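Read the structure below first, then the notes.
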Amino acid sequence: MWSGEIGLSPDQFWRQTPRTFAAILAGRTRRLEAEQDGRAWLAWHTEALARVKKLPKLEKLLGRRRKPKRRQTASDMIAIAKAWDAAVNKG
């Protein structure tokens, strides 16, 4: 394997220890696998979308994370526990 294929100049290549070189290769392998997974995801969804009668909303396809919910406070937790206790014990 030529050092340029893994993103190292010859000078950088020869300064690596076997352990750091293995770590670089492992990281590059994970990156290439993630890129291939992304291409496979795109190809699969392109074909799947060609087959559906009604397209889903773009926001759903993007899969972006929603805004984080507000953290529960101690008083929120106590109120929930009291409501649960009232429901279970019927008053």
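Worth saying up front: this structure is predicted, and the values here are computed from it rather than measured.
Note that CD of Gln16 and CG of Asp11 are 10.0 Å apart. Values are rounded to the nearest 0.5 Å. How far OG of Ser75 is from NZ of Lys82: 10.0 Å, rounded to the nearest 0.5 Å. To the nearest 0.5 angstrom, Leu32 atom CG is 11.0 Å from Asp37 atom CG. Between Trp44 atom CH2 and Leu49 atom CG the span is 8.5 Å, to the nearest 0.5 Å. Taken to the nearest 0.5 Å, the CG atom of Leu25 stands 11.0 Å off from the CZ atom of Arg30.
Remark: Arg19 CZ is loosely packed, at most 12 non-hydrogen atoms of other residues, nucleotides or ligands lying under 6.0 Å away.
Residues Thr20 and Thr17 share a closest heavy-atom pair of OG1-N, 2.9 Å. Here the closest heavy-atom approach between residue Asp76 and residue Gln72 is recorded as OD2-CA, 3.8 Å.
Residues Trp84 and Met77 do not share a hydrophobic cluster, defined by chaining ILVMFWY side chains whose heavy atoms lie under 4.5 Å apart.
A donor-acceptor contact under 3.5 angstrom links the side chains of Arg39 and Gln36, judged on distance only.
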